[in-house]
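First up is the structure itself, then whatever we jot down about it.
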Amino acid sequence: MNANLQRQESSEGFASKENPCKLKSSRYKGVVPQHNGRWGAQIYECHRRIWLGTFAGESEAAGVYDIAAQRFRGFGATTNFKKLCKSDPEGATELSFLAAHSKEEIVRMLRHHTYDEELRNSRRKNPLSGNTCWMGNSNRSHVFEFLFNKTVTPSDVGKLNRLVIPKQHAEKHFPINKDDKIPINFQDGDGKVWRFTYSYWGSSQSYVITKGWRLFVKEKGIREGDVVSFWSSSDCSDLKQYMIDIFHRPSRIDRCVPTSIEDHNHDQVPVRLFGVDISRAEATSSPQFTMNSRIYN
């Protein structure tokens, strides 16, 4: 019995008679040392430990934790290094990438060390990344600047066949005489042009995109919670063009990450509170469901 306890203490990185040396703890949040000299990254969600993988460097593991923390906890996440920022083009690209993938998918990428490659591929495929983007060909090209995001509400994809544009953005980016109905063209990320009708509804005092919107919703598979992103070209006014893109919310929003992505076979340094190991208690306690912070404005 004592021998088993000593082996367990040794495997968990704490001092024992056979192993008097204690593993050095990490100075980074979410990082734990491994017996082979490598570093593990982990995060807790709903009282469950989620293993993010093992890495050669301590700072590398800390960066992996930061990625997971910003996907799991949004802007409120505490990170080891500088947080991703939407005002930075590279940061905005990565935030969009994180929002477009479920927690389970992000964890799988981090574990398999494919996150960076997947992010690079996403940047190549999605021209609407960051605060500016370029589209066109050798004969004609346009640089587009980010305008605003609109999170889709249930009524935006309902029977009314309209998308409400927030007043502050409508009056800033799409000024219109309130008695007019004007056609407005948007190019999507695939280069297809969509023609909508833009107008002001006095009954609800709202600016709306109407005719053509229902077809766009159907073809793009837009649902409540998805994000519509608007862009405009920086050319002179007579050549001004608009772009529209969709960032889909994951198909299944889990308040807690499925247990299938947990890994209990890795070495874990116990978490002690007043001398009691609470890491195992956390792993078996009932999950508490919490709403994720939105990444988008």
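Around the NZ atom of K167, the shell of radius 6.0 Å holds no more than 12 heavy atoms that belong to other residues, nucleotides or ligands.
Partners of E94 by salt bridge (Lys or Arg N to Asp or Glu O under 4.0 Å), not counting sequence neighbours: none found. By the salt bridge (Lys or Arg N to Asp or Glu O under 4.0 Å) test, K218 pairs with no residue at all, sequence neighbours left out. The salt bridge (Lys or Arg N to Asp or Glu O under 4.0 Å) check on E219 picks up K192, with sequence neighbours excluded. In this structure, K172 has no salt bridge (Lys or Arg N to Asp or Glu O under 4.0 Å) partners at least two apart in sequence or on a different chain.
Across all their heavy atoms, R71 and S102 have their closest contact at NH2-CA, 3.7 Å. The shortest non-hydrogen separation linking Q34 to G40 is CG-N, 3.8 Å. The shortest non-hydrogen separation linking H101 to I106 is CB-CD1, 3.8 Å. Between A69 and A77 the shortest heavy-atom distance is O-CB, 3.4 Å. Among all heavy-atom pairs drawn from A68 and L52, the shortest one is CB-CD1, 3.6 Å. Among all heavy-atom pairs drawn from I222 and V152, the shortest one is CG2-CG2, 3.9 Å.
For the atom pair CD1 of I176 and CD1 of I184, the computed distance is 8.5 Å after rounding to the nearest 0.5 Å. Atoms NZ and CD1, on K150 and I244 in that order, are 11.0 Å from each other to the nearest 0.5 Å. The line from CH2 of W231 to CD of E145 is 9.5 Å long, rounded to the nearest 0.5 Å. If you take CG on N177 and CD1 on I182, they are separated by 10.0 Å, rounding to the nearest 0.5 Å. For the atom pair CG of L110 and CZ of R108, the computed distance is 11.0 Å after rounding to the nearest 0.5 Å. Here the CD atom belonging to E117 is positioned 11.0 Å from the CG atom belonging to L119, to the nearest 0.5 angstrom.
Taking the six-membered ring wherever Trp is involved, the centroid distance between the rings of F216 and F186 does not fall below 6.0 Å. Between F230 and H173, the distance from one ring center to the other does not fall under 6.0 angstrom.
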Check against side-chain contact (heavy atoms from CB on, under 4.5 Å), H113 and F55:
CA-CA 9 Å; H113 299 250; F55 306 90; 3.2 Å; yes
Please lay out, stage by stage, how F72 and V107 fare under the test side-chain contact (heavy atoms from CB on, under 4.5 Å).
CA-CA 10 Å; F72 279 60; V107 169; 3.9 Å; yes
Audit row: M109, I67, side-chain contact (heavy atoms from CB on, under 4.5 Å) steps and yes/no
CA-CA 11 Å; M109 293 178 203; I67 292 170; over 6 Å; no
Step by step, work out the side-chain contact (heavy atoms from CB on, under 4.5 Å) result for M243 and S229.
CA-CA 8 Å; M243 292 191 69; S229 183; over 6 Å; no
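Counting Ile, Leu, Val, Met, Phe, Trp and Tyr side chains that sit under 4.5 Å apart, directly or through other members, F81 shares a hydrophobic cluster with Y28, V31, W39.
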Pair up each side-chain donor or acceptor in residues 202-210 with any protein partner under 3.5 Å, not counting sequence neighbours, and list the distances.
| from | atom 1 | to | atom 2 | distance (Å) |
| --- | --- | --- | --- | --- |
| S204 | OG | S206 | OG | 2.6 |
| Y207 | OH | E171 | OE2 | 3.0 |
| T210 | OG1 | T197 | O | 3.2 |

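W213 is not connected to W201 by any chain of hydrophobic side-chain contacts under 4.5 Å among Ile, Leu, Val, Met, Phe, Trp and Tyr, and they are in different clusters.
A donor-acceptor pair under 3.5 Å links the side-chain atoms of Q70 to the main chain of L84, judged by distance alone. Distance alone, capped at 3.5 Å, places no donor-acceptor pair between the R223 side chain and the H248 backbone.
Annotation: side chain of R162 is in contact with side chain of D156 (closest heavy-atom distance under 4.5 Å). No side-chain heavy atom of T78 sits under 4.5 Å from any side-chain heavy atom of Y65. Considering only heavy atoms from C-beta on, Y115 comes within 4.5 Å of L98 through its side chain. A heavy-atom distance below 4.5 Å is found between the side chains of K103 and E45.
Using cut-offs of 30° and 60° for the angle between ring planes, the W194 and F196 rings count as parallel.
Between K220 and D226 there is no salt bridge, since none of the side-chain N atoms of the basic residue sits less than 4.0 Å from a carboxylate O of the acidic one.
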